[in-house]
Amino acid sequence: MALVSLRQLLDHAAEHDYGLPAFNINNMEQIHAIMQAAAACDSPVILQGSAGARKYAGEAFLRHMVEAAVETWPQIPIALHQDHGASPAVCLRSMRSGFTSVMMDGSLMEDMKTPGSFDYNVSVTRKVVDAAHAMGVSVEGELGCLGSLETGEAGEEDGSGAEGKLTHDQMLTDPTEAEEFVRQTGVDALAIAIGTSHGAYKFTRKPTGDILALDRVRDIHARLPNTHLVMHGSSSVPQEWLDVIRQYGGDIKETYGVPVESIVEGIRHGVRKVNIDTDIRLAMTGAMRQLMGRKPDEFDPRKFFAAATKATADLCKLRFEAFGCAGRASAIKPIPLSVMVERYDTGDLKRI
Ligand code: 13P
């Protein structure tokens, strides 16, 4: 199966009331793990690469590894999405490279540190939408800055994150503005800020409504019932893996993530794409530390990578099942990007 657009997958998810995890990829083991889990559960897949991933693996390696996944698991529809594009130029480069979806993150300026104004955000996002839709490529925009409602800090992670303190207004997407933003930009999916942040340190306690604002999801969905909502910073930070990491010499302080039940609640109210990176990092680190601790004489790196792949695949399966996307892949027939272009042209794919 060729790569499909994000829009096709999210439309299917909306039609059948489920959500899809979007897992970040950087290397072969992560791709293997996600794809093995998807094949075992018959789930469609969103693979997303950040600027950091491109720097780590190299653009050509990332592209060829994803092509290898398409060839190895032809029964699974895969969308290749660029995470947190800093500028229209970055998004265009990804489209040229074969990404079927891009995120233009105009919530921050091109330095990925300074919050951008509403008008700046609309203008850069609109530019990307015009170019992307002419190629059948989907676009995710972001309104509101990710950050902790407990501390007001965004925290830099993988090259993205506002610097300094943010106000609650900046960290909570306004429903009226969200409607206006989608109307003016024509994005296919909208990332919203509800108190989540990237990385392992999201909450100092199990989150309640004051620090994880699920009511915003409901309010935004009520105004934009046809827009696919995206939750960033949605790792659940499994306590089991934190325990393993600590037991085998790691030092991760007390911290909590977004509970899977809260994500499922979001999915009930229009969340279709759920970004997960940290959970994979934790599972891989935990599995490798554990094996190194238990077998200090082992020196074949493949043994450590295999343990990391298995831990990641197990985690991905749990998310595919919890979000309701297991069993959906075989129901999806790929729509070529050229047909998506026609649909955008005829106005079939309007979000409002
Ligand atoms: P986590 O750090 O919670 O995994 O979030 C990843 C993310 O949102 C990537 O865009």
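Atoms within each ligand, like the ligands themselves, are counted from 1 in listed order.
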Mutual orientation of the aromatic rings belonging to Phe23 and Phe320 [parallel < 30°, tilted 30-60°, perpendicular > 60°]: perpendicular
Should Lys202 be listed as contacting ligand 1, given a heavy-atom distance under 4.0 Å as the test? yes
Does Arg246 pair with Asp243 as a salt bridge, N-O distance under 4.0 Å? yes
Residue, atom and distance of the protein heavy atom nearest atom 2 (O) of ligand 1 read Thr278 OG1, 2.6 Å
Is there a nitrogen or oxygen of Ser234 sitting under 3.5 Å from a nitrogen or oxygen of ligand 1? yes
Are Lys113 and Asp111 close enough for a salt bridge, meaning some N to O gap below 4.0 Å? no
Output yes when Glu321 and Lys317 qualify as a salt bridge under the 4.0 Å nitrogen-oxygen rule, no when they do not. no
Please indicate whether any nitrogen or oxygen in Gly233 is less than 3.5 Å from any nitrogen or oxygen in ligand 1. yes
Atoms in ligand 1 flagged as close to His84, the criterion being non-hydrogen separation under 4.0 Å: 10 (O)
What protein heavy atom lies closest to atom 7 (C) of ligand 1? Include the residue and the distance to one decimal. His198 CD2, 3.2 Å
So for Val258 against ligand 1, with non-hydrogen atoms under 4.0 Å, the contacting part is neither
Do the side chains of Tyr248 and Arg294 get nearer than 4.5 Å, heavy atoms only? yes
Taking only non-hydrogen atoms of Asp277 and a 4.0 Å limit, the atoms of ligand 1 in range are 1 (P), 4 (O), 6 (C)
Looking at atom 10 (O) of ligand 1, what's its closest protein heavy atom, distance included? Asp83 OD2, 2.8 Å
Decide whether Tyr56 and Asp158 meet the rule of one side-chain donor and one side-chain acceptor closer than 3.5 Å. no
Asp297 bridged to Lys303 by N-O distance under 4.0 Å: no
Near Asn24 (heavy-atom distance under 4.0 Å), the atoms of ligand 1 are 9 (C)
So is Ser235 polar-close to ligand 1, meaning N/O to N/O under 3.5 Å? yes
